[in-house]
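First comes the structure, then the notes that go with it.
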Amino acid sequence: MTTTRFQELIARNEVAHSQRRRITNAVMLTLTGLLTLLALIPLFWIVGYVIYRGGSTINLAFFTQLSRPLGMAGGGVLFSIEGTAVITILACLFAIPPGVLAAFYVARNPNTPLGVALRFGTDVLAGVPSIVMGLFIYVILVVPTKHYSAWAGGLALAILMLPTIIRTTEEMLKLVPHTLREGSLGLGAPEWKTSLSVMFPAALNGIITGFLLAIARSVGETAPLLFTALGNEQYDVGKIVQGGIQTHQSLFMIIGRIVNQPVDSLPLTLWKYAQQPYPERIDQSWGVALVLMIFVLLIEIAARLWVESRKRALQG
Amino acid sequence: MSKFLRSFVFVTIAFSFLLAACGTVATPAATTAPAMTQASGATAIPASTATPTPLAPGSVTLNGSGSTFQAPAESEYAFAFPLVDPAVAINYQGTGSGAGKKAIIDGTVDFAGTDAILTADETTSGKDLQMYPFLAGATVMTYNIPELDPKGPALILDGNTLVGIYNATITKWNDPAIAALNPQIASKLPAKPITVAHRSDGSGTTAIFTAALTSFSTAWTAGSGTTINWPADKAGNGVGGNGNQGVTVAVQNTPESIGYVEYAYAVSNKLPFAQMVNKAGQTVSASPDSTKAAMADFANAFTPQLTATIVNGSGAGSWPIAGYTYIIIHQTSMTDCVKASKLVEYINWILTSPVATNRAQALGYVPMPSAVQQLALAKLAQVTCNSQPVMTH
């Protein structure tokens with residue numbers, strides 16, 4: 001067994017400093033380990049406590065029934081789950097089309113006056129507190145139309161989602177190699193076709209992730225809904241649809257009735273229930289917290305899985 | 001190549017969805033307005049000829065907000081009324097009387113709940129607002145003194161002591177004024193500072209409570225109304241709660257505290273509440289009976305607006321901090337006649353149905369005596385929609 005001169009040096013050096021190095025290594029490793037643990041404590045504490053408090057209230061009725069009168073046990077938060085779904089769908093409808101189009105414009109023309117203004121506006125919008133959005137929509141929509149509604153709530157959340165959607169979409173479009181675009185244009189494809197069938201698919205990964213992150217952010221918002229969606233513990237989409245079919249209403253009328261009245265959403269219900277002194281309501285508010293947490297977690301996981309699967313598909 | 005084709009197809013589909021979405025964005029807003037006028041137009045004539053076409057279950061939502069004093073009753077009604085008329089859903093949000101009054105003046109709700117009487121300014125800016133008293137209730141002083149036996153005798157207070165506590169001139173539980181009223185438990189009263197809980201939002205319960213304080217003693221100089229500049233806050237021993245529920249929670253969670261809440265909140269949450277020495281010098285406890293006695297003291301006090309203040313009554317059994325709670329609606333300016341007729345039907349049901357009054361009584365509220373009920377029904381008969389009377393006989 002022959003050793004090189006180099007290996008010998010290393011070995012000697014190792015021996016000379018081994019004690020100090022080993023101690024430093026151990027101390028630093030313990031320290032980083034401890035601090036990591038410290039950072040993880042709040043996460044597991046919150047998740048664990050919400051599961052502990054909320055888990056016992058979750059049963060089938062919790063997902064299928066409307067709320068009971070104050071002080072009466074039982075009932076569920078179907079109204080709130082339906083309201084959240086309706087508001088979120090509306091918010092996506094309001095936010096995604098203009099958001100994506102604006103991002104295309106900014107990515108293509110970053111230095112035109114409109115492009116600069118758009119980007120600056122997006123940054124400012126991202127910094128506006130969510131309650132201000134609620135107040136804004138209250139003044140321009142709720143007061144003139146004389147009623148609180150799901151679509152007013154959806155619009156308030158849409159404005160909150162816009163900056164996230166525009167920024168992520170723009171960043172993703174910028175990551176698409178120049179050569180792809182130039183190649184497409186060089187082959188004679190018009191600008192719109194290049195955007196639609198070359199740029200967009202290449203950036204789709206990140207764009208979808210951006211949508212999901214925007215949804216995950218907006219779904220936990222209470223403040224903008226206080227002024228716009230108000231809350232409605234008797235909201236029942238099933239009943240509205242059923243009644244609409246019975247009386248032969250058109251699809252538009254049924255949709256109109258679904259979106260044109262006050263609704264609750266999970267964080268709003270959580271906020272209202274947690275303030276009540278009634279123990280049943282407090283227990284249910286923990287249940288709502290658990291459902292909300294799982295919902296946001298599922299969105300985040302879906303976003304991750306989507307990105308992973310697309311990455312694998314692109315790599316072949 | 002096939003991968004490219006696949007993603008092209010996907011993107012085309014995705015984009016067509018986006019475009020479709022873009023198309024439908026405008027439609028809810030655009031179609032609901034005509035849809036609603038169509039609905040009301042179609043039934044406006046039948047409403048007056050008393051043969052309304054049957055409405056689909058849950059097709060009319062009556063939105064209300066305001067008083068948390070009446071919120072427990074409203075939440076019972078929201079549960080029970082659809083059993084009477086399946087077409088109607090009642091949505092009541094307890095936002096506080098102040099917020100409720102603002103909402104009905106702005107016209108963002110169909111009805112408001114309040115225990116505070118509309119001020120002259122509010123009546124002017126609301127134009128055709130009418131208040132309908134439908135329940136009375138006691139405001140009780142709930143307290144949290146860990147030293148006292150929850151099963152033992154309740155704390156006893158009188159008007160002057162209460163004013164003293166809220167003026168922060170009485171700051172300890174073992175103050176001689178409190179001890180003199182409570183000979184049985186005087187030895188147990190702690191020498192600890194009193195935390196005074198009050199409402200932080202615009203509140204009708206505050207309006208009732210401060211009207212009582214004003215009537216108890218001239219030492220109360222902060223006035224009465226839905227929002228008060230609390231002397232206890234200036235002294236640093238006040239704590240605010242949002243809604244009756246907020247004050248209840250504040251008292252539950254703060255040892256050595258006292259707060260004023262509607263009777264139903266104290267009873268259903270099993271909180272202790274103080275007895276009061278009333279104007280006649282009798283020690284009374286809050287109950288539907290003592291609230292009724294207070295109503296009897298002021299039986300003829302109703303203004304043409306159907307409002308009355310019933311604090312500090314002179315009867316031997318009268319609870320001194322009682323009040324009516326009201327629903328406010330627009331009397332002549334409603335334009336959706338289906339909604340208007342259902343709203344009138346709802347108020348009529350609240351006032352007259354044994355189901356409604358029994359449910360409210362179970363919570364500790366007192367329904368209207370028949371004289372007041374008749375006054376309210378007479379007003380209700382005058383409600384018009386697009387100049388047509390809404391109530392049919």
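Heavy atoms only: backbone and side chains are in, while hydrogens, waters and symmetry mates are out. Sequence lines set the chain letters: A, B, ... in the order given, protein chains first and strands last, and positions in each chain run from 1.
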Taking side chain as C-beta onward, heavy atoms only, is B:N63 less than 4.5 Å from A:H147? no
Within the structure provided, determine whether B:S59 and A:R257 are in side-chain contact (heavy-atom separation under 4.5 Å). yes
Using a distance-only test with no angle check, is there a side-chain donor-acceptor pair under 3.5 angstrom linking A:Y138 and B:D106? yes
Heavy atoms from other residues, nucleotides or ligands near OH of A:Y105 exceed 12 (cutoff 6.0 Å): yes
Need one label for [X]: side chain, backbone, both or neither, based on atoms under 4.5 Å from any heavy atom in chain A.
X	result
B:Q93	side chain
B:D110	neither
B:L271	neither
B:Y265	both

Looking at every non-hydrogen atom in both residues, tell me the closest pair between [X] and [Y] and how far apart they are.
X	Y	answer
A:P69	B:E76	CB-OE2, 3.7 Å
A:G244	B:A56	N-CB, 4.3 Å
A:Y278	B:S268	CE2-OG, 3.0 Å

Looking at [options], which makes the most heavy-atom pairs under 4.5 Å with chain A?
options	value
B:G58, B:G241, B:G94	B:G58
B:T108, B:V249, B:T248	B:T108
B:A78, B:P72, B:S75	B:S75

Identify which part of [X] has an atom lying under 4.5 Å from any heavy atom of chain B, answering side chain, backbone, both or neither.
X	result
A:Q261	side chain
A:Q246	side chain
A:Y235	neither
A:D236	neither

Only one of B:N269, B:V251, B:V261 clears side-chain contact (heavy atoms from CB on, under 4.5 Å) with A:P277; which?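 Answer to the side-chain contact (heavy atoms from CB on, under 4.5 Å) test with A:P277 among B:N269, B:V251, B:V261: B:N269.
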Roughly how far, to the nearest 0.5 Å, is the CG atom of B:N91 from the CD atom of A:E233?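 Answer for the CD-CG pair, A:E233 versus B:N91, is 7.0 Å.
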Donor-acceptor check, side chain of A:K146 to backbone of B:V109, threshold 3.5 angstrom: yes or no? no
So which residue, A:I240, A:L230, A:L66, ends up with the most heavy-atom pairs under 4.5 Å with chain B?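 Of the options given, most contacts go to A:L230.
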